[in-house]
Visitor: 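This structure is in structure tokens; I'll ask about it shortly.
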Amino acid sequence: MRNFMINVAPKTEGGRIPVALAGQIMMDIQEMLSDIGEYLIRSELGIQNSLRPEILSKFTLFMDGDGGISIGTSTNEHIVGSITEGALDLMEDTMDAMGSGAGGYWMEDNYIDPFFRNHIIYDIVALSEHINEFSDCVLTYGSPDNMKTFGQVDVARLASFMKEKGMSANSAALGLITTTVSKSKGQIIGFECGKNKVKLHFRDRSVENVARTLAGKGPVYVAGRLMYSEEGNLMEIRDVYNVTPAQTIRFRKLIAATSDISVKEPVVANISFDGRWTLSNDTLGISVTKDTWDDAVQEFNDFFMFLWTEYMMEDKELEGEDAEIRDALKALI
């Protein structure tokens, strides 16, 4: 695990650093890394509403042991946490881009979810404003052998972007098509995505007809313009152009609270719903059933990491089904 260092330094020799500034900068960086880490986990796993809080401990920052004004990451994971490395890399890229005056379209290219995109813009603006309050100090960041100075953030440009884009994204959501009957409007098509009741607005009648045929027949992916509330809840999908059965989900990163790993070949989980959500992989012998999609996803990932630790981290002779599971795990890396 590499260290990501943050230093607040005086611009002139012999200058002093206000304690209030040093503490505030550390809190700003911690907030941004936590937001980026949560964004990445939710994106990788397809989390809709509820992420177990203990998994976010991966992104806790620690004071440097030498006593300097710097912070670095630490991990007790059995496997190097690729998601932690990814969050650090993305935070550094974000600071590079925003500190060079880039606008919101860079953020849109790198952050699909508008809720987290906006929050991370707020994080960057807060960091910029706090360092700018002290003109005698500069903020440097990066690897110990490649420290960079944080530049000027174009706050007006970012504010204009947020006003233009709002809480929307072109993407797809997984859930259940529902129908209700209204005396005035006839049959109305709805969509349940986690705890959210979502309105659908179809691009044309043919797409709407496809949605009607899939009502009550299991999970689907709905693609269009996703509109979120300020709290990050999906409220409606506009210009829906595709509705397809959701038969599988592919995980390229498997993430649990204690460890995570990237795989060369995606782990495929079969999706089914019968009042409860089931994710399964027959080759690995994984099958989990939970009341919510989010719980099923996280339990599937926990089960995979248990198998990985059990079969790949210990050097022991295996036979029969155990040997088959180990061989299937080896084929993923």
Side-chain angles (χ1 to χ4, degrees), residues 38-40 42-51 103-122 158-250 271-277 291-297:
E38 184 173 358
Y39 163 75
L40 289 178
R42 286 176 174 271
S43 298
E44 292 289 348
L45 301 188
I47 297 296
Q48 296 174 339
N49 297 118
S50 178
L51 182 64
Y105 290 100
W106 186 95
M107 294 293 294
E108 186 176 29
D109 289 341
N110 290 273
Y111 296 94
I112 296 173
D113 188 308
F115 176 76
F116 284 96
R117 182 176 67 216
N118 286 356
H119 268 260
I120 293 160
I121 288 176
Y122 290 138
L158 290 174
S160 177
F161 167 81
M162 293 173 68
K163 183 177 180 180
E164 175 190 349
K165 290 294 182 178
M167 292 290 288
S168 65
N170 290 319
S171 188
L174 179 146
L176 303 167
I177 294 288
T178 63
T179 57
T180 56
V181 177
S182 167
K183 291 183 178 180
S184 60
K185 298 182 180 179
Q187 189 184 62
I188 300 173
I189 298 177
F191 185 58
E192 293 182 359
C193 180
K195 66 180 182 181
N196 305 315
K197 306 291 186 180
V198 181
K199 296 179 180 179
L200 299 180
H201 305 275
F202 297 97
R203 174 177 293 183
D204 55 47
R205 184 60 61 85
S206 63
V207 179
E208 181 178 353
N209 290 337
V210 170
R212 290 184 189 279
T213 64
L214 293 174
K217 295 183 179 179
V220 299
Y221 288 111
V222 176
R225 186 73 172 168
L226 276 58
M227 310 299 296
Y228 294 85
S229 69
E230 292 300 322
E231 293 75 30
N233 295 317
L234 181 61
M235 303 300 292
E236 61 180 302
I237 304 179
R238 299 175 182 174
D239 196 28
V240 174
Y241 64 86
N242 195 21
V243 182
T244 57
Q247 299 175 333
T248 62
I249 182 172
R250 295 171 177 265
I271 302 171
S272 62
F273 180 82
D274 186 13
R276 305 180 77 198
W277 291 92
D291 290 336
T292 70
W293 167 259
D294 291 342
D295 284 342
V297 167

Visitor: Give me the ring orientation class for F161 and Y105: parallel if the planes are under 30° apart, tilted from 30 to 60°, perpendicular past 60°.
Guide: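 The arrangement is perpendicular - the two ring planes meet at more than 60°.
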Visitor: Can you tell me if D204 and S206 form a side-chain donor-acceptor pair at under 3.5 Å?
Guide: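 A donor-acceptor contact under 3.5 Å links the two side chains.
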Visitor: Determine the minimum heavy-atom distance between I112 and A169, stating which atoms define it.
Guide: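 The answer is O-CB, 3.3 Å.
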Visitor: Could you tell me whether a side-chain N or O of D294 sits under 3.5 Å from a main-chain N or O of S50, the two making a donor and an acceptor?
Guide: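 Yes, because the side chain of D294 sits within donor-acceptor range (under 3.5 Å) of the backbone of S50.
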Visitor: Strictly distance-based, threshold 3.5 Å: is any side-chain N or O of E208 a donor or acceptor partner for the main-chain N or O of F202?
Guide: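 Not confirmed, E208 side chain does not pair with F202 backbone.
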Visitor: For residues W277 and P219, report the shortest heavy-atom separation together with the two atoms involved.
Guide: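 Answer, listing the atom of W277 first, then P219: CZ3-CG, 3.4 Å.
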Visitor: Looking only at heavy atoms, which two atoms of V207 and Y241 are closest? And how far apart?
Guide: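 Closest pair (atom of V207, atom of Y241, distance): CG2-O, 3.7 Å.
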Visitor: Locate the shortest heavy-atom distance separating I177 from A211; write the atom from each residue and the value.
Guide: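 Between these two residues, the closest heavy atoms are CG2-O, 3.6 Å.
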Visitor: Any sub-3.5 Å donor-acceptor pair from D113's side-chain atoms to F115's backbone N or O?
Guide: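 Answer holds: yes.
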Visitor: I'd like to know whether CG of D274 has more than 12 heavy-atom contacts from other residues, nucleotides or ligands below 6.0 angstrom.
Guide: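 No, the 6.0 Å shell around CG holds no more than 12 heavy atoms from other groups.
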Visitor: Give me the atom names and distance for the closest heavy-atom approach of F191 to V220.
Guide: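 That closest heavy-atom pairing would be CE1-CG2, 3.9 Å.
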Visitor: Given the rule in the side-chain contact (heavy atoms from CB on, under 4.5 Å) test, do N233 and K195 qualify, once you have shown the distances and angles that lead to the verdict?
Guide: CA-CA 9 Å; N233 295 317; K195 66 180 182 181; 3.8 Å; yes
Visitor: What distance do L176 atom CG and L214 atom CG have between them, rounded to the nearest 0.5 Å?
Guide: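 If we round to the nearest 0.5 Å, L176:CG and L214:CG are 11.5 Å apart.
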Visitor: Within a radius of less than 6.0 Å around CD of E230, do more than 12 heavy atoms belonging to other residues, nucleotides or ligands occur?
Guide: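 No.
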Visitor: What's the shortest heavy-atom distance between L200 and V240, and which atoms?
Guide: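 Closest approach of L200 to V240, heavy atoms only: CD2-CG2, 4.3 Å.
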Visitor: Would one find more than 12 heavy atoms of other residues, nucleotides or ligands at under 6.0 Å from atom CZ of R276?
Guide: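 More than 12 heavy atoms, drawn from other residues, nucleotides or ligands, come within 6.0 Å of this atom.
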Visitor: To the nearest 0.5 Å, what is the distance between CD (E236) and CZ (R225)?
Guide: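 If I round to the nearest 0.5 Å, the distance is 11.5 Å.
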Visitor: Mind checking the CG-OH spacing from L158 to Y122? Nearest 0.5 Å is all I need.
Guide: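 Those atoms lie 11.0 Å apart.
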Visitor: Stepwise, does the side-chain contact (heavy atoms from CB on, under 4.5 Å) test hold for M167 with M227?
Guide: CA-CA 6 Å; M167 292 290 288; M227 310 299 296; over 6 Å; no
Visitor: Could you please spell out the steps behind the side-chain contact (heavy atoms from CB on, under 4.5 Å) verdict for M107 and F116?
Guide: CA-CA 10 Å; M107 294 293 294; F116 284 96; over 6 Å; no
